[in-house]
Asker: 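One structure, pasted below without further comment.
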Amino acid sequence: MSTDKLKKGDQVVMHTCIEAETHAGHIWTCRGDQFTRGTGVYAQDSVFLEGFSGSFAPEFLQKVNVEDVQGIPWIKYDSTDRSIESHVNHIVSDGNTTLIAQHAVFNGKYYWHINESLISWVKYYAVINLPVEEGDTEV
């Protein structure tokens with residue numbers, strides 16, 4: 001059992017278990033703090049994950065920092081921030097789902113949208129900054 005217990009809100013990925021094959025790359029959020037059930041030789045650590053039925057063994061979870069995933073410079077979304085470039089594709093995420101969306105004003109308030117459908121679950125966004133390869137010309 002780990003001394004570094006998972007806390008509510010921690011984000012994790014599954015590894016080295018059958019569920020990790022089904023949910024490869026999925027980022028889960030802990031619904032509550034890690035807890036131990038049973039005593040003595042029967043003690044077993046568990047944690048509940050948002051969107052997962054039942055509890056899960058923390059020994060098969062790796063804590064991740066969503067801002068560091070795949071080297072993407074994630075920015076925590078602040079709905080009052082007006083410096084976000086409007087009508088330009090960005091990568092958006094809630095820590096589980098990652099999509100491409102645009103930030104724009106609608107009825108006097110800024111929202112993220114995909115094909116003119118408003119989305120309200122965005123917690124993080126990143127500017128799309130593809131690497132320039134030799135021979136490419138910048139636009």
Side-chain angles (χ1 to χ4, degrees):
M1 287 178 237
S2 171
T3 57
D4 201 19
K5 306 263 185 198
L6 293 171
K7 303 277 186 235
K8 180 178 180 175
D10 283 349
Q11 294 183 304
V12 296
V13 292
M14 297 174 176
H15 67 85
T16 61
C17 62
I18 195 75
E19 290 88 350
E21 295 174 19
T22 305
H23 304 289
H26 186 95
I27 299 172
W28 300 90
T29 301
C30 294
R31 219 173 35 185
D33 292 345
Q34 180 176 327
F35 61 96
T36 303
R37 53 176 148 198
T39 57
V41 295
Y42 300 106
Q44 182 180 25
D45 283 350
S46 292
V47 66
F48 286 100
L49 306 173
E50 290 180 9
F52 189 83
S53 179
S55 62
F56 203 82
E59 67 192 80
F60 299 110
L61 299 171
Q62 173 65 49
K63 190 172 171 182
V64 296
N65 181 348
V66 73
E67 296 164 356
D68 292 336
V69 173
Q70 299 176 357
I72 296 172
W74 292 102
I75 302 164
K76 188 164 180 71
Y77 178 54
D78 174 1
S79 62
T80 64
D81 183 358
R82 296 300 171 248
S83 67
I84 302 168
E85 194 171 0
S86 188
H87 297 87
V88 173
N89 285 342
H90 288 79
I91 304 169
V92 296
S93 180
D94 65 356
N96 292 314
T97 302
T98 303
L99 299 170
I100 303 295
Q102 294 184 356
H103 197 246
V105 70
F106 179 77
N107 286 341
K109 189 172 178 187
Y110 278 86
Y111 294 94
W112 289 101
H113 67 92
I114 299 172
N115 298 329
E116 299 186 24
S117 294
L118 303 180
I119 54 175
S120 60
W121 48 260
V122 175
K123 292 182 183 177
Y124 308 95
Y125 72 96
V127 175
I128 298 175
N129 187 13
L130 300 174
V132 177
E133 295 183 22
E134 190 174 329
D136 287 350
T137 57
E138 294 185 53
V139 178

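Throughout, residue positions are numbered sequentially from 1 according to the sequence presented.
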Asker: Is Lys5 close to Thr36 at the side-chain level, that is, under 4.5 Å between some pair of heavy atoms?
Answerer: yes

Asker: With the side chain counted from C-beta on, respond yes when Cys30 and Leu49 share a heavy-atom pair under 4.5 Å apart, and no when they do not.
Answerer: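 In contact.
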
Asker: How close do Thr16 and Ala20 get, heavy atom to heavy atom, and via which atoms?
Answerer: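 Closest approach of Thr16 to Ala20: N-CB, 4.1 Å.
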
Asker: Which pair of non-hydrogen atoms, one from Tyr124 and one from Gln11, has the smallest distance, and what is that distance?
Answerer: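 Answer, listing the atom of Tyr124 first, then Gln11: OH-OE1, 4.2 Å.
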
Asker: Taking the side chain as C-beta and beyond, is there a heavy-atom pair between Trp121 and Val92 under 4.5 Å?
Answerer: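 Trp121 reaches Val92 side chain to side chain.
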
Asker: Distance from Ile119 atom CD1 to Leu99 atom CG, nearest 0.5 Å?
Answerer: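 Separation between the atoms: 6.5 Å.
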
Asker: Got a sec, which residues hit ring pair (Phe, Tyr, Trp, His ring centres under 6.0 Å) with Phe35, two or more places apart in sequence or on another chain?
Answerer: Phe48

Asker: Of the non-hydrogen atoms in Asp94 and Thr97, which two are nearest, and what is the gap between them?
Answerer: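 Nearest heavy atoms, Asp94 then Thr97: OD1-N, 2.7 Å.
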
Asker: Sequence neighbours excluded, which residues qualify as side-chain contact (heavy atoms from CB on, under 4.5 Å) partners of Val88?
Answerer: Glu85, His90

Asker: Tell me if the CD1 atom of Ile100 is crowded by more than 12 foreign heavy atoms within 6.0 Å.
Answerer: yes

Asker: For a 4.5 angstrom cut-off between non-hydrogen side-chain atoms, does Trp28 reach Val47?
Answerer: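 Of all side-chain heavy-atom pairs linking Val47 with Trp28, none is under 4.5 Å.
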
Asker: Go through the structure and list residues passing side-chain contact (heavy atoms from CB on, under 4.5 Å) with His15, not counting sequence neighbours.
Answerer: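 Scan of His15 (side-chain contact (heavy atoms from CB on, under 4.5 Å), adjacent residues dropped) gives Gln62.
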
Asker: Has Thr39 got a side-chain atom pairing as donor or acceptor with Ala43's backbone, closer than 3.5 angstrom?
Answerer: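 The answer is no, because no donor-acceptor pair under 3.5 Å joins these two groups.
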
Asker: Do Leu118 and Ile91 belong together in a cluster built from hydrophobic side chains that touch within less than 4.5 Å?
Answerer: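 No, Leu118 and Ile91 fall in different hydrophobic clusters.
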
Asker: Cut-off 3.5 Å, no hydrogens considered: what does the side-chain donor-acceptor table look like for residues 102-114, sequence neighbours left out?
Answerer:
from: Gln102; atom 1: NE2; to: Asn89; atom 2: OD1; distance (Å): 3.1
from: His103; atom 1: NE2; to: Tyr77; atom 2: OH; distance (Å): 3.0

Asker: Name the orientation class of the two ring planes belonging to Phe52 and Phe56 (parallel below 30°, tilted from 30 to 60°, perpendicular beyond 60°).
Answerer: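 The arrangement is perpendicular - the two ring planes meet at more than 60°.
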
Asker: Checking Lys8 now: which residues fulfil salt bridge (charged side-chain N to carboxylate O under 4.0 Å, His left out) with it, not counting sequence neighbours?
Answerer: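 For Lys8, no residue satisfies salt bridge (charged side-chain N to carboxylate O under 4.0 Å, His left out) once neighbours in sequence are set aside.
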
Asker: Using every non-hydrogen atom in the two residues, find where Val12 and Lys63 come nearest and quote the distance to one decimal.
Answerer: CG1-CA, 3.8 Å

Asker: Taking only residues two or more places apart in sequence or in another chain, which ones pass side chain to side chain donor-acceptor pair (under 3.5 Å) with Ser79?
Answerer: none

